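Everything below concerns the one structure shown next.
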There are 2 protein chains.
Amino acid sequence: MGNSTPYRRTQTERTRASREKILQAAIEFFSKNGFRGAKLADIAQAAGLTEPGLLHHFPSKTHLLMQVLDERDRIDKQRVQMILQQEGNHVLEAFQDIVNHNATVPGLVQLFTVLVAESLVAEHPAHAFFVQRYQRTRASLVESIRKAQQAGEIRADLKAEDLAILMTAIMDGLQVQWLLEPETMDMRQAFGVFLNLLKAK
Amino acid sequence: MGNSTPYRRTQTERTRASREKILQAAIEFFSKNGFRGAKLADIAQAAGLTEPGLLHHFPSKTHLLMQVLDERDRIDKQRVQMILQQEGNHVLEAFQDIVNHNATVPGLVQLFTVLVAESLVAEHPAHAFFVQRYQRTRASLVESIRKAQQAGEIRADLKAEDLAILMTAIMDGLQVQWLLEPETMDMRQAFGVFLNLLKAK
DNA sequence: TACAACTTACCTAGTGAAAGGTAGGCAAGT
DNA sequence: ACTTGCCTACCTTTCACTAGGTAAGTTGTA
């Protein structure tokens, strides 16, 4: 068994740590400057590597981007799932929890806000990813909303599909205003007002 | 007086036409690729000029960006003002008209969607512009909403400030989904559903 | 357990292709 | 006589990515 001083480690451990640091740094720069604006050199440096050192782990900038997105998306999905289970039948509370959590991770919120806008053009490497992601997210929201409507939690006179679109739009839109003025904007409170509009009387 | 054949024109006329073509081309490429991703050479070519030819009219890429934004913002403000007057006291109808109009100009909608996301980082040349624009827009919305509340058009149990934030968020958020899937998404319809939530019963 | 053969992680140095902007000129317009 | 609109040619920097090497870690075999 190899010992575990910082200098002598197993390769698998080194690799894991490096990839992790790279992904972390990539999030930082992609979220600040988008895919196009981010420089591999900066990401590499923040991860404690040189540029070719980074490219040893991820064959190209595009691969790095997709890896970041897949990874983050996976974690996101898990967390949402967890919150929904945790709140049981209180769907509105679960929605609020999601927004409350987002309000604690501006970097990640900005990552998606910046990248989705950049990828509106069909040629962007992440375009298909985001189209899919939105379809999936809305479909999942429809399920939750329908459940809440049947439980009498959300007003039932509106189509779940429409509400899912609005819910998605509100979250995205609030994030933009919040990221522009983090001090002023209370995203959680504003979202709460929206949820109130949906409550079955 | 100069004659007006395409080749021999007055300088002022040539200048005006060139600037106009440049601004038009700039909108096209800024909206597709953002500020960073747009290439001056492409914009120049689309305007029928070389790169230095373009730079004769706008001293730098950044100047061109700000000019585009100021110009478009001015026109936008005017149109919103016009719609509000036209609809008189029907504020909700006016809001719907604004969205309906936006649905006919995807290029312009994308311009702002892409640029605001890119400019979330404080160092972006358009950052201050967008912070101001959002403050102004919301303030103007607050006025309209308040008026509609007093007229019994919008439910009065909610703060106009909160509703202005939500209205802005919904518009922005719907635009993202619409630009991602222009065929599928009916932005106007979805916005109508939201407006219904606000109607005084 | 020892050591040779290999694989892996990462580096230095370099390449080539953008891309924004400059210098200076020329011809048309004033 | 001058100013303006636009061009050709050029410069500089940036940036993703490649070539090739080195040292550390890993594995197979006696």
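All values derive from a computational prediction rather than experimental measurement. Within every chain, numbering begins at 1; the chains are lettered A, B, ... in the order of the sequence lines, protein sequences first and strands thereafter.
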Within 6.0 angstrom of [X] [atom1], more than 12 heavy atoms from elsewhere:
X        : atom1 : result
B:Gln135 : CD    : yes
B:Lys159 : NZ    : no
B:Gln96  : CD    : yes

For [X] and [N], give me the distance from atom [atom1] to atom [atom2], rounded to whole Å.
X       : N      : atom1 : atom2 : result
B:Lys39 : C:dA17 : NZ    : C1'   : 11 Å
A:Phe29 : D:dA16 : CZ    : C1'   : 16 Å
B:Leu49 : D:dG5  : CG    : C1'   : 9 Å
B:Arg36 : C:dG20 : CZ    : P     : 13 Å
A:Asn33 : D:dC15 : CG    : C1'   : 14 Å
B:Phe30 : C:dA19 : CZ    : C1'   : 13 Å
A:Leu40 : D:dC15 : CG    : C1'   : 8 Å
B:Leu54 : D:dT8  : CG    : C1'   : 16 Å

**Message:** Rounded at 0.5 Å granularity, tell me how far CG in A:Asn33 sits from CG in B:Leu120.
**Reply:**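 Output value for this atom pair is 11.0 Å.
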**Message:** Regarding B:Ala38, tell me which of base, sugar-phosphate or nothing describes its non-hydrogen contacts under 4.0 Å with the strands shown.
**Reply:**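 Sugar-phosphate only.
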Nearest of [options] to any side-chain atom of [X]?
X       : options                : result
B:His56 : C:dC11, D:dC17, D:dT4  : D:dT4
A:Lys61 : D:dT26, D:dA16, C:dG21 : D:dA16
A:Gln11 : C:dG20, C:dT8, C:dC11  : C:dT8
B:Leu55 : C:dG20, C:dG21, C:dA13 : C:dG21
B:Glu51 : C:dG20, C:dA19, D:dC6  : C:dG20

**Asked** 5'-most contact on DNA chain C: B:Thr12 or B:Thr62, nearest heavy atom basis?
**Response**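 Upstream on the strand: B:Thr62.
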Does [N] have OP1 or OP2 sitting under 4.0 Å from an N or O in the side chain of [X]?
X       : N      : answer
A:Arg14 : C:dC10 : yes
A:Thr50 : C:dC11 : yes
B:Ser18 : D:dC6  : yes
B:His57 : D:dT4  : no

**Item:** Test: A:Lys39 cationic atom under 6.0 Å from A:Phe29 six-membered ring centre, within 45° of axis
**Value:**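 No; the conditions do not both hold, so A:Lys39 does not lie above the ring face of A:Phe29.
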